[in-house]
Amino acid sequence: MTLINQKYTSIEQAIANIPSGASIMIGGFGSPGTPFALLDELLAQGQSGLTLIKNDANEPDIGIGRLIRAGRVDRLITSHIGLNRVAIDEMNQGRLAVEMYPQGLLAEKIRCAGAGHYGFLTDIGLGTEIAGARREIECEGKTWAIEPAIHAEFALVHADLADEYGNLVYRGTAINFNPLMAMAADHTIAQAFQVQPPGNLPPETIHTPCAFVSQVVQVELASSEQGRRAHAV
Amino acid sequence: MTLINQKYTSIEQAIANIPSGASIMIGGFGSPGTPFALLDELLAQGQSGLTLIKNDANEPDIGIGRLIRAGRVDRLITSHIGLNRVAIDEMNQGRLAVEMYPQGLLAEKIRCAGAGHYGFLTDIGLGTEIAGARREIECEGKTWAIEPAIHAEFALVHADLADEYGNLVYRGTAINFNPLMAMAADHTIAQAFQVQPPGNLPPETIHTPCAFVSQVVQVELASSEQGRRAHAV
Amino acid sequence: MPSDQERILARAAREIDPGQIVNLGIGLPTRLFHYLPKEMEVLVHSENGVLGCQLLTEGSEPDLEMIDSGGAYISTRPGASVFDSALSFAMIRRSRVDVTFMGAFEVDQQGNLANWKIPGKFSPGIGGAMELAQKVKKLVVLCSHNDKHGNPKILKQCRLPLTAPRCVSRIITEKAVMEVTETGLQVVDIAEGLDVDALRDATEADLIIDEHRLGRF
Amino acid sequence: MPSDQERILARAAREIDPGQIVNLGIGLPTRLFHYLPKEMEVLVHSENGVLGCQLLTEGSEPDLEMIDSGGAYISTRPGASVFDSALSFAMIRRSRVDVTFMGAFEVDQQGNLANWKIPGKFSPGIGGAMELAQKVKKLVVLCSHNDKHGNPKILKQCRLPLTAPRCVSRIITEKAVMEVTETGLQVVDIAEGLDVDALRDATEADLIIDEHRLGRF
């Protein structure tokens, strides 16, 4: 694990650690919490053959939408891609492999990896078509589906505030999948609007302790303006 | 579930909902986070035949130590009772049934109930004597133990701040099991040093959203002084 | 005279009691926001991770980090909290949401619901609907009584892939309010000016109708 | 001349590098706090839910809500965080703690550790030891070389119930520093003034000793 005093770095260096073919979790539900600046740097650096894990596919011209449109994503593990027609087309054309889970199960599968378990036992989806694909077991006279954890090599997350050790504070509905993914990946890269010296963030307000963050970079507010255009107010 | 506008109540009324024979989760690791005032009221009201779920047994003269000494507890699900000689004696005499789990598994079993799952699959404890008691399954060529969730009818938790809807903010190492238990019990009673009008607590600072709290009561700082005497500084 | 959607929404708002926790699905249900009195103590849950949403005041600058699960900018009311997606769905699976409103492609007299997939035509993913449908105690379906070709949406048996089996409590359309009971679909209210035979003609499901106890809306 | 415990602690402190996350077990390991320079950027994890503990400044009033897992009042250093017990153990199970120090009743040459239960005599529960032992990458045992009756604690094979199998990286006693390797227990350092035969006599485990590379401490 990165030493706590070696985490604060440049966006170029942080993203350069990611090889082509990597599996990468991406925070965000819609635009809030999506690490736009990290994704734009990933687009610029050219890594390809990626497996992405994200709640949604953003929209065609922002966030992972740009990576998908550029043909850099082989596989997407997600919950709902209804706002991205390009992703739907790529899926229908067979150029993008898409694996879909109910949103809460996706969140729990990621959380489960972050907690260091193999999987969990659920009744969600019994009696629906998702049930057929899963292994089931009987416990105490009832049927439960085994949902294996989802890991990744990398996670890209967006925080509002950070400190140089990599402690993270999220804001508003930009929390969503970010703290779960930060724990579930082997190597977590965080962007934040402000990266402060250690000691500036009250201990109770920290959502993701620095132990789960490998690198932290400071980004301009402007990078998230991309997300703004996409939403009707 | 209690309506949000009917949660702020008196300690007498809140505890009067608990019948004898109930299963009750109790927050706290040592003294911090232990809901001393709620426990003292439970002692005063006289409920017996209780099953308690708590990380530790406090010490003989405080918290659940007083309930155990008074013979009001039939069963204790815990992680470590080394600081309570009375509990150890009661266990050795066969008057208190004690079920022990490694601390992190206990936390996860409670968290798992709070997340609405049946259980989770872990490798913790394989190759030790706790392995024998558990059902195991093979997944992807490895052995995993099934750890079922632990539910309870009630949870008693301690917060630093609350609002009248039951939103809770914890402080310091008094967080520990409290947010997990608040989610895992059917009926959660919270004590807080301050109960404020809704809107006073910033949304990002809330550790336990009010949806998981049935009743909230305000208590004096003094009740936790009990815990203080027990610790060497 | 109210439009069909206004009639549905006005009736649906009466399903919410002060003090409850409510989830509003994407589309028509989201518009229920406009039918809740601002002073009413209700916390609206949105599954992306917020409890206590309210509409953005007209003309105010949106906070870019605050959206609901439909992607609209929102604000929060006093008593609101924000949290991660695991906690948000724990709240759903632990049945801490009192009532949820959803649209439907099809709904049937057993309370089965289909609202996420039309095989070969539409399958963007199920999002949060499955867990909401399966675990929220009271699920109220808000939909048009018939599809745009006039075909019934209230069926004897759903044909599309289910969101969840036997999950619906109530169905509100522009024509009727129907309760899913042990014995079938009981009509609670019928639209002003509609007669019972016309309702039956527009419906594939078997309807239980006690004309003496029938309300109007 | 340092006491046996001081010798162990001073040597143990050299196992910690700046920038690491460290867990200090109850008892002797907790006293390592006194051997860490205050300006050293190290975050001490305590499994009750805090990362970044430090000793309370002498004479200062304790915060009643801040203890470590041993029950002592603590304060925190810059960069500290507090969290619930599930997150605290996720940190452990995900191997985000770089090094942990623990006491032992018995430890053996395969790296097995027994430090929580003496059947029929002592069984207060395992607390957090099992997960720390199983999942922290570097586990350093700090213990006396022999028990109070003079019996060896460094064994060929543990006899007591294990905390975790094959979990120990290093053992530091007042007599030696031993590394658990694929081929057995390699002596890294031997105490000043002790000879190799005396060390072997005090030890049940087979020791691998390369006298040319042996350090003193």
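For chain C, no part of A:Leu106 is nearby; none of its heavy atoms comes within less than 4.5 Å. In this structure, the portion of A:Pro179 lying under 4.5 Å from any heavy atom of chain C is its side chain and not its backbone. Heavy atoms closer than 4.5 Å to chain A are found in the side chain of C:Asp63, but not in its backbone. Only the backbone of C:Thr163 comes within less than 4.5 Å of a heavy atom in chain A; its side chain stays farther off. With a 4.5 Å cut-off on non-hydrogen atoms, A:Arg171 touches chain C through its backbone and its side chain both. Neither the backbone nor the side chain of C:Arg166 comes within less than 4.5 Å of any heavy atom of chain A. At a 4.5 Å heavy-atom cutoff, the contact between C:Met66 and chain A is made by backbone and side-chain atoms alike. Only the side chain of A:Leu180 comes within less than 4.5 Å of a heavy atom of chain C; its backbone N, CA, C and O stay farther away.
For residues 133-158 of chain C, the pairs satisfying salt bridge (Lys or Arg N to Asp or Glu O under 4.0 Å) are A:Asp123-C:Lys135, C:Glu15-C:Lys138, C:Lys156-C:Asp206, with sequence neighbours left out.
Between the CG atom of C:Asn112 and the OG1 atom of A:Thr128 there is a distance of 11.5 Å, given to the nearest 0.5 Å. The distance from the OG1 atom of A:Thr173 to the CD1 atom of C:Ile74 is 6.0 Å, given to the nearest 0.5 Å. Taken from CE in A:Met100 to CH2 in C:Trp116, the straight-line distance is 8.5 Å, to the nearest 0.5 Å. Rounding to the nearest 0.5 Å gives a distance of 6.0 Å between CD1 of C:Ile26 and NE2 of A:His80. To the nearest 0.5 Å, atom OG of residue C:Ser46 and atom CZ of residue A:Phe29 are 6.5 Å apart.
In this structure, A:Glu129 and C:Leu162 have side chains that are not in contact, with every pair of non-hydrogen atoms separated by 4.5 Å or more.
Heavy-atom pairs under 4.5 Å with chain C peak, among A:Ala107, A:Gly172, A:Gly104, at A:Gly104. In terms of heavy-atom pairs under 4.5 angstrom with chain A, the leader among C:Val82, C:Thr76, C:Val50 is C:Val82.
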>> As a quick check of understanding, evaluate side-chain contact (heavy atoms from CB on, under 4.5 Å) for A:Glu108 and C:Phe89, giving each step before the final call.
In response: CA-CA 9 Å; A:Glu108 277 296 310; C:Phe89 279 88; 6.0 Å; no
> Can you list the steps and then say if A:Ile175 with C:Glu65 is a side-chain contact (heavy atoms from CB on, under 4.5 Å)?
Replying inline: CA-CA 9 Å; A:Ile175 306 177; C:Glu65 306 283 48; over 6 Å; no
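Checking side-chain atoms of C:Glu131 against main-chain N and O of A:Ile124 turns up no donor-acceptor pair under 3.5 Å.
Taking a 6.0 Å sphere around CZ of A:Arg85, one finds it holds 12 or fewer heavy atoms contributed by other residues, nucleotides or ligands.
Contacts between residues 117-128 of chain C and chain A, defined by a heavy-atom separation under 4.5 Å, are made by C:Lys117, C:Ser123, C:Pro124, C:Gly125, C:Ile126, C:Gly127, C:Gly128.
Here the closest heavy-atom approach between residue C:Gln134 and residue A:Gly125 is recorded as OE1-N, 2.9 Å.
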